[in-house]
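To start, the structure under review is shown below, and the notes come after it.
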Amino acid sequence: MAQAPKTAITPTRSENYPEWYQQVIKAADLAETSDVRGCMVIKPWGYAIWENIQKKLDARFKATGHENAYFPLFIPMSFLEKEAEHVEGFAKECAVVTHHRLEPDGEGGLRPAPAAQLEEPLIVRPTSETIIGATFARWVQSYRDLPILLNQWANVVRWELRTRMFLRTAEFLWQEGHTVHATSDEAMEETRQILDLYADFAENDMAMPVIKGEKTSGERFPGAVHTYSIEAMMQDRKALQAGTSHFLGQNFAKAQEIKFQDQEGQLAYAWTTSWGVSTRLVGGLIMTHSDDDGLIVPPRLAPAHVVILPMYKSDDERASVLATCQKLKTELEAERFDEEPIRVRIDDRDIRGGEKSWQWVKKGVPLRVTIGPRDVADDAVFLARRDSSEKGQGVPHREFVARAADMLREIQQHLFDRAATLRADNTTQIDNLADFEAYFTPQDAKNPEIHGGLAYCHFVESATMDQKLKDLKATVRCVPLEGDDEPGKCIFTGQPSVKRGVFAKAY
RNA sequence: CGGGGCGUAGCUCAGCCUGGCUAGAGCGCGUGCUUUGGGAGCACGAGGUCGCACGUUCGAAUCGUGUCGCCCCGACCA
């Protein structure tokens, strides 16, 4: 007799967090490694979550006046060369297309045809500032053409050596917004508006609390004047950059000749922004909410809100149980959660009830409902919430239908509160280097336990700081935009400092 | 690009050191029976060019050389 493990996922978070993460993805059937090095296959359940993320964000982009468009996957190499910092930032991780035809290699295989070498290599976009900028240069003549507010949903490639499912893959899916403005203030306003939009999405839809802040010069996007990010805390207390919004100043406008005539007839360079979030958010979602029994999806992003599991033995029972399930599904779909019908699935696959039930636990569906002959007779359902470890309980059928949407709202809130509590419990202010070092040093160096968290510290960027952070494997996440800013002294150099930064180990 | 490791069934691996019958296990998969309200049990069955090439040998998963691929640890990164 096989001993059922206490938790659905082995190892647990505290035993081995990175391995737990991999196992959650596998158990929930979100994605798997592909035949292509560094790239993953996103499976239906994982992609459905991404689609919900897209839907939520897209609505927010449209509501703030943005439109979607699509630009080429390939970028002429010379485009990338135009902005010096940008080149430096991305050149090391670009996939390059050099040929446009294959031919037999004489040994039964294929090779790029030497005669078909491209005059100018194309790179697979690592991001699209350059090609979109070049296009904008043609579109923009007059101040009357501005602003341009575009977004594109696309895949991009950054040739990463070390990859982790969803968090860092060679190819990933994202959205990149690109805007052009007549004035610096307006571009800055756009940059900040998007940062707020991302934070709102993260907290309300993902139930993931975030800190809005500005990146230090060392962490800035290549070519940007200011980079802002939202930073979240994962359950191993490491930080995850969950979205970025860049004020590009006139850097790209100058590199790409995005010029316009203003109202006085003067020729001026435009001001641009860019901003993006990626499938990395799925990784953040996993690591924010999931537990030792697998994935937990916040209701607003869940592919299914309720899964109904019929239980029966005989054909007679089957008929009445399935009819009851179908009725419940219809009733639930008439209810609304988050301004849409409740999403319901019935799983009547012919596998054992226990196994089936666990599969949905591991997939993180917010509410599981089991219906068997006893429930049909009692006009009740057996209900279990994914966000609590409590055992399920019987609930009158009608009461469940009436309360389902409220329960989903409760779960959404509970997940946010739980994540906020974890963050609060692992956030601290540190005012001297010794404490800082202790905070970021694990007890067991060989097999580091979960440690550290967010540390708010005064700092001034310096080589001394960079080296210390490198030694500790810690990073400056951002300088928070919100919160008090009493002056102090840099914990690394003792120099006067006006703002605290957030320090953490990070993904 | 530096250091380490691994390629044997769909997956995880044993066997290799010390060469020898028909190459194994667990999980998964298929069929049947018994089960079924929180991860079922028994029986039977399908499934392999032991990464590839060359060499040593009467004989190679096993030894040697080469080659390809992948994984882990460092430097860089959404």
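Here is the naming used below: chain letters follow the sequence lines, and residue numbers restart at 1 for every chain.
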Can you find a side-chain donor-acceptor pair between [X] and [Y] that sits under 3.5 Å?
| X | Y | result |
| --- | --- | --- |
| Asn151(A) | His66(A) | no |
| His451(A) | Gln443(A) | no |
| Thr273(A) | Thr179(A) | yes |
| Thr475(A) | Arg477(A) | yes |

### Task
Just say parallel, tilted or perpendicular for the rings of Trp20(A) and Tyr17(A), cut-offs at 30° and 60°.
tilted

### Query
At their closest point, which heavy atom of Pro303(A) faces which heavy atom of Arg345(A), and how far apart are they?
CB-NH2, 4.5 Å

Selected nucleotide, minimal atom distance to [X] side chain, candidates [options]:
| X | options | answer |
| --- | --- | --- |
| Arg374(A) | rC76(B), rG37(B), rA40(B) | rG37(B) |
| Val361(A) | rA40(B), rG38(B), rG39(B) | rG38(B) |
| Trp358(A) | rG38(B), rC70(B), rA78(B) | rG38(B) |

### Message
In whole Å, I'd like the distance from the CE atom of Met165(A) to the P atom of rC71(B).
### Response
11 Å

## Note on the structure
With sugar-phosphate taken as primed atoms, P, OP1 and OP2 and all else as base, the protein-contact string of nucleotides 4-11 of chain B at under 4.0 Å (heavy atoms; B, S, -) is --------

### Task
Report the C-alpha separation of Lys212(A) and Glu482(A) in whole Å, then their side-chain angles, then the decisive distance to 0.1 Å, and conclude whether the salt bridge (Lys or Arg N to Asp or Glu O under 4.0 Å) test is met.
CA-CA 7 Å; Lys212(A) 291 186 278 187; Glu482(A) 288 154 1; 3.4 Å; yes

#### Entry: Residue met sooner reading RNA chain B from 5', once Lys473(A) and Pro222(A) are mapped to nucleotides
Lys473(A)

### Task
Take Ile9(A) and Gln241(A), find for each the nucleotide of RNA chain B with the closest heavy atom, and name the residue whose nucleotide sits nearer the 5' end.
Ile9(A)

When you check the phosphate oxygens OP1 and OP2 of [N], does a side-chain N or O of [X] lie under 4.0 Å from one of them?
| X | N | result |
| --- | --- | --- |
| Lys356(A) | rG37(B) | no |
| Arg352(A) | rU36(B) | no |
| Arg162(A) | rC73(B) | yes |

### Message
Quick check on contacts: within residues 277-295 of chain A, what sits under 4.0 Å from RNA chain B by heavy-atom distance?
### Response
Ser278(A), Arg280(A)

### Message
Just to be sure I understand the geometry, which residues of residues 306-329 of chain A put a non-hydrogen atom under 4.0 Å away from RNA chain B?
### Response
none

### Query
Can you find a donor-acceptor pair, distance only, under 3.5 Å between Arg368(A) side chain and rG38(B) base?
yes

### Message
A quick test of your reading: do over 12 heavy atoms of other residues, nucleotides or ligands sit less than 6.0 Å from CZ of Arg398(A)?
### Response
no

### Task
State the pairing partner of rG26(B); accept Watson-Crick or G-U wobble contacts with both distances under 3.5 Å, and report none otherwise.
rC11(B)

### Task
Apply the ring pair (Phe, Tyr, Trp, His ring centres under 6.0 Å) test between Trp275(A) and each candidate in Phe61(A), Phe221(A), Tyr228(A), Phe247(A); give the one that qualifies.
Phe61(A)

